[in-house]
Amino acid sequence: MLFIRLCEWESSCPLFMHRWSKLFIPTLREAPADAEVASHKFLLRAGYIRQLGAGIYNYLFLGQRSLNKIIAIVREEMDTIAQEFYLPGILPKEPWVESGRWSAIGENMFRLKDRKGADLCLGFTHEEIMTSMARNELRSYKQLPQIWYQIQTKFRDEPRPKSGLLRVRQFIMKDSYSFDLDAAGLDKSFDRHDAVYRRIFTRCGLNFVSVEADSGAMGGSQSQEFMVYTDAGEDLIASCPQCGYAANLEKATSRLDPVKEMEPSGDGMPELVSTPGCAAIADVAAFFSISPASDIKCVAYMALKRGEHGKPHAWRGVAVFLRGDHQVNETKLLGVIGAAELRTMQAEELSHYFNGPAGYLGPVGLRPDTQTLGDGLTVIVDQSLEGRRNMVCGANQLDYHLRNVTPGRDFGWTLSADIRSVNEGEKCPKPACNGQLLVGKAVEVGHIFKLGYKYSESMGARVLDPNGKEVTPIMGSYGIGIERILTAAVEQGNDANGFWLPVSIAPFTVVVTVTNMADPSLRNTGETVASELAAAGLDVLLDDRQERAGVKFKDADLIGIPYRINVGKKAGDGQVELVTRATSTSEDVALADLLATMKERVEEQSLLEASA
RNA sequence: CGGGGAGUGGCUCAGCCUGGUAGAGCACCUGGUUCGGGACCAGGGGGUCGGAGGUUCAAAUCCUCUCUCCCCGACCA
């Protein structure tokens, strides 16, 4: 007896299968009111997750099972290019001080003290720790390249966790770090990650794109994100349907159509015009009967300058000028001026730097500092203003604007750069391409980027090159959000009744639904079918609950299992129904053919995933 | 951090304005009838209304403070 009972729960048992009646799969008829996005609602309703706090979730049986499958794929692929480590989640302060990030990261890092009063933090990412390993252990170019990875929990005290598992404060990440002797080596490590990431996301059945991304203020020369389009996503992607160009909006550029310049009036020099009550771009454009593209918009910021080791230094005034119909891209701006933080100017600051009121700010008469973030006012113009003529701008005087303003002639700047966000419909930036850019929302599932020498330099990692000379290894850093793969997959495949996952990451491949457990022959057929499929190696869930058929169908549709086999009315004739969740299609299959048919289906889908 | 919303059995929500010490549906337990798209009947268990303080004879309800969660924004190596 004991042996039999053990066998029932022992996964090495060839006839092992999961029985729904014994499992904890707490499905909800209604989604908790907190849930807004599809993946959040359905993962809750399907009993994959339960919320514990803001951005903190329990993963239940089904959720954990799916995450384990994702992790297995990630591990299998990563093992082809890298070595798996496991670093601690709780970390001492010192490495972070060395890299400068103990102060640079700020409140996004969870910090704590031990009983002796020593500072610790919860792992936010592991560049520092991997680099300290490298510094302590790597001595020779002969040991390079190295790629080390781990699959581990990360902690980030996000200012605003949201959307279920999309933005959380504790999550699982696959993070890897490469150490190479030179830039050419880094290129190789980067490319190997690119290839492996494509395999991983493909095997997970995701419909993804890779896009150029911002490398962030932390430096780095090349950065690429892997994104899945979904309205639940937080990132905006500009893409060209013609040539395939795709970039995060934080990075994307475009070609602008030429603007028809206005004719100069009077002597052609800047002329003061009374424009009472015209503080908004639309008012100004209407007043002068011009397009907003001929108006110069001003956005005034205070920027936090970085000091030594990235420590906050001082707030400096920054005036940004761009076309009236364009938007400042603050990520680009931060990168261009090298600041740590931005905020908009207050009224007193406006009068200090401009001697003028909001709504009527303009570039004429300002004295741009020659140095970015120097003591004076840093003036940044968007490069699209260069070469323009006869524009309209604020006069730094209430109710007055200037016209006939020509950049370069009538005002100068500290720096001209691309600091605007592209808009949908603008021309693709690729010189040979005529396409028009589309902008769509997406969720980031992976990110690879070339770190350069940032950490190896600041933390003093060195190896000897073939000439016996000390050199600093060059690094790359690469991440995959494990839960985001699950979330993206749910966002990618759901309808009013629930969702479906790709076979590769679904908690079960098939659910065998016995429509009436009170009927002994149905029950026996269900048992036989399920155990045969299980014996053939499929992940089978037998729905042996004493529930009505309708309840079982609803539940099965909800919980993400790609295939369902109904054992019901036709079982007496040796037939069952095979339902494909993604398409809601059903077909009758003879019991004798069932195993072969199921195997065929699963292989078909694997092939699809492999060629996606 | 700024703006908005919400905390009442496991879930969805009503009650609050016009104080009189708690209700519905679903879920759960028992019995019965059902059994292919979230069944029905009967019986039953479970909440002191996020927390603290105050006003009052009396507070879920009014006042003050506070905590938590959600949404928008800011932020997001």
Side-chain angles (χ1 to χ4, degrees), chain A residues 26-37 40-41 44-45 47 50-57 96 99-109 121 123-128 131 154-164 166-169 171 173 175 177 213-220 223 234-235 248 250 301 304 310 330-331 334-335 340-344 444 447 449 451 454-455 458 475 477-479 481 496-498 513-519 522-523 543 545-558 564 566-571 576-577 579 584 586:
Chain A
T27 57
L28 300 173
R29 198 178 277 228
E30 289 176 281
D34 287 351
E36 295 235 332
V37 302
H40 188 195
K41 278 185 199 160
L44 280 169
R45 284 191 57 203
R50 286 292 184 264
Q51 181 168 20
L52 190 58
I56 306 176
Y57 286 85
W96 299 88
S99 72
R101 286 162 110 189
W102 184 258
S103 52
I105 286 181
E107 295 195 305
N108 262 30
M109 183 187 265
C121 67
F124 176 95
T125 175
H126 284 75
E127 277 83 4
E128 280 79 356
T131 307
K154 297 285 187 273
F155 300 89
R156 298 186 183 182
D157 195 359
E158 293 287 342
R160 188 150 93 81
K162 58 184 283 200
S163 306
L166 227 42
R167 178 162 291 276
V168 287
R169 296 196 292 172
F171 59 97
M173 186 183 219
D175 48 322
Y177 306 86
D214 179 55
S215 336
M218 287 319 221
S223 170
E234 298 182 287
D235 287 280
N248 195 308
E250 295 173 348
Y301 291 101
L304 189 61
E330 294 187 357
T331 305
L334 278 173
E341 213 175 300
L342 287 175
R343 64 170 173 80
T344 50
E444 176 188 351
H447 194 168
F449 82 95
L451 279 175
K454 159 90 187 156
Y455 297 94
S458 63
M475 293 176 60
S477 149
Y478 318 86
N497 295 322
T513 303
V514 178
T515 58
N516 186 355
M517 286 298 286
D519 181 334
L522 289 189
R523 197 170 63 206
D543 190 351
R545 293 174 299 166
Q546 304 281 350
E547 290 285 353
R548 296 162 58 86
V551 172
K552 295 185 172 191
F553 294 157
K554 289 287 186 191
D555 270 343
D557 283 350
L558 176 61
R564 179 173 94 223
N566 290 339
V567 178
K569 284 173 180 165
K570 302 164 197 157
V576 293
E577 283 166 3
V579 180
S584 298
S586 134

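Lettering follows sequence order; numbering is per chain, from 1. Please read all numbers here as calculations on a predicted model, not as lab measurements.
- Under the Watson-Crick or G-U wobble criterion, with both distances below 3.5 Å, B/rG9 has no partner in any strand shown.
- If you take NZ of A/K41 and P of B/rC71, they are 12 Å apart, rounded to a whole angstrom.
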Atom pairs under 3.5 Å: protein N/O with N/O of nucleotides 10-13 of chain B:
| residue | atom | partner | partner atom | Å |
| --- | --- | --- | --- | --- |
| B/rU12 | OP1 | A/A33 | N | 2.6 |
| B/rU12 | O4' | A/E30 | OE1 | 3.4 |
| B/rU12 | O2' | A/E30 | OE2 | 3.3 |

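- Residues passing the ring-ring contact (aromatic ring centres under 6.0 Å, His included) test with A/Y478, sequence neighbours excluded: A/H193.
- In this structure B/rC1 sits in a base pair with B/rG73, meeting the Watson-Crick or G-U test at under 3.5 Å.
- The side chain to side chain donor-acceptor pair (under 3.5 Å) test applied to A/N516 returns no partner, not counting sequence neighbours.
- Among the atoms of the strands shown, none is found under 4.0 Å from any heavy atom of A/E127.
- Atom CZ of A/R156 and atom C1' of B/rA77 are 7 Å apart (whole Å).
- Across the P atoms, B/rU66 and B/rG3 are found 14 Å apart, a figure rounded to whole Å.
- For A/K454 and A/E127, the salt-bridge test fails: no basic side-chain N is under 4.0 Å from an acidic carboxylate O.
- Shown here, B/rC57 forms a base pair with B/rG20; the pair counts as Watson-Crick or G-U wobble because both key distances fall under 3.5 Å.
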Below 3.5 Å is the cut-off: list the nitrogen or oxygen pairs between protein and nucleotides 45-47 of chain B, distance only.
none

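- Contact annotation: side chain of A/R160 to base of B/rC71, donor-acceptor pair absent below 3.5 Å.
- The salt bridge (charged side-chain N to carboxylate O under 4.0 Å, His left out) search around A/R29 returns none, not counting sequence neighbours.
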Using a cut-off of under 3.5 Å, enumerate the N/O to N/O pairs linking the protein to nucleotides 27-37 of chain B.
| residue | atom | partner | partner atom | Å |
| --- | --- | --- | --- | --- |
| B/rA27 | OP1 | A/R29 | NH2 | 3.4 |
| B/rU34 | O2 | A/R548 | NH1 | 2.9 |
| B/rC35 | O2' | A/N516 | ND2 | 3.1 |
| B/rG36 | O6 | A/G568 | N | 3.4 |
| B/rG36 | O6 | A/K569 | N | 2.6 |
| B/rG36 | N1 | A/E577 | OE1 | 3.3 |
| B/rG36 | N1 | A/E577 | OE2 | 3.4 |
| B/rG36 | N2 | A/E577 | OE1 | 2.6 |
| B/rG36 | N2 | A/E577 | OE2 | 3.1 |
| B/rG37 | O6 | A/R564 | NH2 | 2.7 |
| B/rG37 | N1 | A/D557 | OD2 | 3.0 |
| B/rG37 | N2 | A/D557 | OD2 | 2.3 |

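- Neither side chain, A/D214 nor A/T331, offers a donor N or O lying under 3.5 Å from an acceptor on the other.
- In this structure B/rC40 sits in a base pair with B/rG32, meeting the Watson-Crick or G-U test at under 3.5 Å.
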